Amino acid sequence: MKKLMSIAVAMAAGIVLATDGIESENTVGYLNQGTLPVGYTMVASQFIVPGTTSTVDLLAYMNGTFTPGTYATRFTACPMIKIYKEGDGYTTFYYMEDAVNSKDEDVTGWADGNGDLAEEILISPGDAVWVSLPNATASGVNLSGQVFSDATKSKDCVAGYSMLSSPYPSALKFGELTWTGLVAGTYTTRYTACPMVKVYTEGDGYTTYYYMSDAIDSNDDEVTGWADGNGDLVETTQVLAPAGKGFWVILPTGSTKAAVEFSNPNN
């Protein structure tokens with residue numbers, strides 16, 4: 001797997017930025033997510049390959065200590081990367097020791113469902129993917145590359161499920177999001193008519209927030225905004241997702257397309 005050599009600094013855990021100014025186009029970063037747990041972790045796309053601007057190859061900046069399975073055991077013993085697109089479902093890549101490259105050789109690497117070595121896995125800043133590890137394996141995952149430095153980044157959300165992340169390598173707060181096209185539900189219809197965001201934490205499951213017209217703020221007034229499961233308005237300073245992690249946006253059946261704009265917290 002390719003590994004960027006432009007990273008100036010590295011740490012055992014956390015985020016490192018090396019730059020002559022946080023808004024510089026030469027800003028590079030390194031995010032060590034530590035050892036991922038067995039099961040599913042939603043990993044964010046928060047770096048880009050130097051010289052690119054939008055769609056990037058996940059394989060060019062993600063590396064780890066994955067234990068490969070084989071083509072025959074890909075559904076049970078292979079680490080997996082799962083990319084979800086509404087209408088198309090999941091595209092899955094498997095880390096196997098007998099992936100077949102362009103020369104018909106068996107090599108260790110990420111492969112598609114046919115066992116063919118993946119030359120690239122294309123995503124963009126603000127996307128998220130599942131990394132799924134089987135019971136017998138664990139992995140440390142590192143993301144590295146050039147920091148996406150634009151002041152804002154917009155992502156579309158479709159009816160149903162969209163897997164997103166902040167495009168910036170820092171904890172994402174609710175106040176850094178600007179939404180368009182959302183139609184609020186109510187507390188009593190939150191499970192069926194409210195737009196939702198869901199964040200998954202291994203061991204704890206999902207934390208869900210609802211976009212409702214009768215969220216209760218700190219003055220006990222009803223306002224339109226994101227609320228927790230009790231109907232209490234979420235503060236703008238509250239973290240939705242930590243650095244390196246993604247989240248689901250779920251729009252109710254019959255919704256039209258919505259969009260979310262992320263604001264760069266470093267600007």
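Note that the structure is a prediction, hence the values are computed from the model and not measured. Heavy-atom basis, side chains included; hydrogens, waters and symmetry copies ignored.
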So, Thr92 and Lys82: side-chain donor and acceptor under 3.5 Å apart, yes or no? yes
Please set out all donor-acceptor pairs under 3.5 angstrom arising from side-chain atoms of residues 209-225, sequence neighbours excluded.
| from | atom 1 | to | atom 2 | distance (Å) |
| --- | --- | --- | --- | --- |
| Tyr209 | OH | Gln238 | NE2 | 3.0 |
| Ser213 | OG | Gly185 | O | 3.2 |
| Asp214 | OD1 | Tyr187 | N | 3.0 |
| Asp214 | OD2 | Tyr187 | N | 3.4 |
| Asp217 | OD1 | Asn219 | N | 2.9 |
| Asp217 | OD1 | Asp220 | N | 3.2 |
| Asp217 | OD1 | Asp221 | N | 2.9 |

With salt bridge (Lys or Arg N to Asp or Glu O under 4.0 Å) as the rule and sequence neighbours excluded, what pairs involving residues 59-72 come up? none
Could you list the residues that satisfy ring-ring contact (aromatic ring centres under 6.0 Å, His included) with Tyr84, not counting sequence neighbours? Tyr90, Trp248
Fit a plane to each ring of Trp110 and Tyr95, take the angle between them on a 0 to 90° scale, and name the class: parallel (under 30°), tilted (30 to 60°) or perpendicular (over 60°). tilted
With sequence neighbours left out, what residues match Glu97 under side-chain hydrogen bond (donor to acceptor under 3.5 Å, both in side chains)? none
Distance-only, no hydrogens or angles: does the Tyr94 side chain make a donor-acceptor pair with backbone N or O of Thr70 under 3.5 Å? no
Okay, side chain of Glu176, backbone of Phe262: is any donor-acceptor separation there less than 3.5 Å? no
When you measure from the side chain of Ser165 to the backbone N and O of Asp127, does any donor-acceptor pair fall under 3.5 Å? yes
Given Thr208 and Lys198, is the side chain to side chain donor-acceptor pair (under 3.5 Å) satisfied, shown in steps? CA-CA 5 Å; Thr208 307; Lys198 285 177 171 279; 3.0 Å; yes
Working note: Thr189 + Thr186, criterion side chain to side chain donor-acceptor pair (under 3.5 Å); need CA distance, chi angles, decisive distance, verdict. CA-CA 5 Å; Thr189 63; Thr186 65; 3.0 Å; yes
Taking only residues two or more places apart in sequence or in another chain, which ones pass ring-ring contact (aromatic ring centres under 6.0 Å, His included) with Phe93? none
Applying side chain to side chain donor-acceptor pair (under 3.5 Å) to Ser124 and Lys155, what does each step give before you reach the verdict? CA-CA 10 Å; Ser124 67; Lys155 299 290 289 186; 3.0 Å; yes
Assess the pair Trp179 and Phe174: is the distance between their ring centroids shorter than 6.0 Å? no
Only counting residues at least two apart or in another chain, list the ones meeting side-chain hydrogen bond (donor to acceptor under 3.5 Å, both in side chains) with Thr152. none
